[in-house]
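The structure follows.
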Amino acid sequence: MAGFLGSGKTTVLLELARRVAEASLTLAIVENEIGEVGVDGGIVRERGLPVRELFGGCVCCTLQTGLVDTLRALAADPAPDWVLVEPTGLAAPADITTTVRELMPDVDEIRALTLVDAERWETLAHIVEPLITAQIEAADVIAITKVDLVSDDALAQVTAAVRLVNTSAPIVPVAATAGAGVQGIFESLIA
Ligand SMILES: Nc1nc2c(ncn2[C@@H]2O[C@H](COP(=O)(O)OP(=O)(O)OP(=O)(O)O)[C@@H](O)[C@H]2O)c(=O)[nH]1
Ligand SMILES: [Mg+2]
């Protein structure tokens, strides 16, 4: 799962976790925390979900071996059907999927879900364009989040801009605080 800081990753992750459980699939969550305190890990744990936290860097670069070690430990525990990984908002998902693919050949499927913040698209697409572009390019599924906060025109503009960068991934509009659209993400991920 990728998406800039504050784009809605934890919110979507919790909603996705519910759907995974409803489908009678087992799940583990890995949170890559910024700083010393496990903010998102705490939120996930409060919901009664199993979570492991990785501190002190980003799983897309300095913590790649930490992520693989954590995934190996999960796989032995016994292996869950799904592992949802929330990296930091600065992560490039291609680096993560390449590493896991190379070092963990037993993992059946790896899907990159990228979140694009509709409300802050104009701002972020300018300020951090290379990062946002890399996140969208690497995505197997793209969720445009916070659509409840923008007009239909603005949503159409973001969708068109995202489609130019990634011509094939499904694009799902989402208002995750209300749970809307998350079923579409789940279905696209398992398709
Ligand atoms: N209105 C609205 N707010 C949302 C939506 N999704 C997330 N938010 C809000 O956006 C803020 C950030 O959401 P998070 O889920 O914490 O985002 P994140 O990407 O995990 O953030 P970091 O882990 O800090 O990078 C929170 O205040 C959420 O309640 C949405 O679909 N609609
Ligand atoms: Mg988060």
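Atoms within each ligand, like the ligands themselves, are counted from 1 in listed order. Owing to the predicted nature of the structure, the values given are computational and were not obtained by experimental measurement.
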- request: Looking only at distances, please establish whether an N/O atom of ligand 1 is found under 3.5 Å from an N/O atom of G89.
  value: no
task: Can you confirm whether something in the protein, heavy atoms only, sits under 4.0 Å from atom 27 (O) of ligand 1?
output: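 Under 4.0 Å from atom 27 (O) of ligand 1, zero protein heavy atoms found.
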- prompt: Side-chain donor-acceptor pair under 3.5 Å between Q135 and T114, yes or no?
  reply: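 No, no side-chain donor-acceptor pair sits under 3.5 Å.
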query: Under 4.0 Å between a Lys/Arg side-chain N and an Asp/Glu carboxylate O for R18 and E15?
result: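 Answer for the salt bridge query: yes.
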field: N or O contact, G8 vs ligand 1, cut-off under 3.5 Å
entry: yes
message: Could you work out, for atom 23 (O) of ligand 1, the closest of V174, L14, I43, D40 by heavy-atom distance?
response: D40
field: Option whose closest heavy atom lies nearest to atom 24 (O) of ligand 1, chosen from G6, G3, G181
entry: G6
- prompt: Is any N, O or S atom of D40 under 2.8 Å away from the Mg ion (ligand 2)?
  reply: yes
- prompt: Which value, rounded to 10°, describes the OG1(T10)-the Mg ion (ligand 2)-OE2(E86) angle?
  reply: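 Taking the Mg ion (ligand 2) as the apex, the two atoms subtend 90°.
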- prompt: Got a donor-acceptor contact below 3.5 angstrom from the N166 side chain to the A139 backbone?
  reply: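 The answer is yes, because a donor-acceptor pair under 3.5 Å joins these two groups.
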task: Taking only heavy atoms of A175 into account, list the atoms of ligand 1 that are under 4.0 Å away from them.
output: 31 (O)
query: Which atoms of ligand 1 sit under 4.0 Å from any heavy atom of T177?
result: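 In order of number, 1 (N), 2 (C), 3 (N), 4 (C), 5 (C), 8 (N), 29 (O), 30 (C), 31 (O), 32 (N).
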Close-contact set for ligand 1 against T10 heavy atoms, below 4.0 Å: 15 (O), 18 (P), 20 (O)
message: Does R47 have more than 12 heavy atoms from other residues, nucleotides or ligands lying within 6.0 Å of its CZ?
response: no
- prompt: Counting N and O atoms only, with roles assigned by atom type, does the side chain of K9 sit under 3.5 Å from a partner on the main chain of G3, one being a donor and the other an acceptor?
  reply: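 Yes: the side chain of K9 pairs with the backbone of G3.
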message: Suppose we only count N/O/S atoms under 2.8 Å; would T11 qualify as near the Mg ion (ligand 2)?
response: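 Short answer: no, not a single N, O or S atom is under the cut-off.
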- prompt: Cut-off 3.5 Å, side chains only: do N32 and T88 have a donor facing an acceptor?
  reply: no
- request: Walk me through it: do I96 and L67 pass the test side chain to side chain contact (heavy atoms under 4.5 Å, CB included)?
  value: CA-CA 9 Å; I96 301 172; L67 175 64; 3.6 Å; yes
- prompt: For atom 32 (N) of ligand 1, what's the nearest protein heavy atom and its distance?
  reply: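 The answer is D148 OD1, 2.8 Å.
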- prompt: Nearest protein heavy atom to atom 2 (C) of ligand 1: under 4.0 Å?
  reply: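 Answer yes: something from the protein, a heavy atom, is under 4.0 Å.
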field: Side chain to side chain, V83 and I29, heavy atoms closer than 4.5 Å
entry: no
- prompt: Is there a donor-acceptor pair closer than 3.5 Å between any side-chain N or O of T145 and the backbone N or O of L115?
  reply: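 Flag not set: sc T145 to bb L115 has no pair under 3.5 Å.
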task: Could you tell me whether T11 and ligand 1 have an N or O pair separated by under 3.5 Å?
output: yes
- prompt: Are the charged groups of E53 and R45 less than 4.0 angstrom apart, N to O?
  reply: yes
query: Do ligand 1 and V12 have nitrogen or oxygen atoms that lie under 3.5 Å from each other?
result: no
- line: Taking only non-hydrogen atoms of A176 and a 4.0 Å limit, the atoms of ligand 1 in range are 30 (C), 31 (O)
- prompt: What about the rings of F4 and W121, do their centers lie closer together than 6.0 Å?
  reply: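 Ring-ring flag for F4/W121: false, centres at least 6.0 Å apart.
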query: Of the backbone atoms (N, CA, C, O) and the side-chain heavy atoms from C-beta on, which set of T88 has a member under 4.0 Å from an atom of ligand 1: side chain, backbone, both, or neither?
result: neither
query: Which residue from K9, K146, E86 reaches closest to atom 6 (N) of ligand 1 through any of its heavy atoms?
result: K146
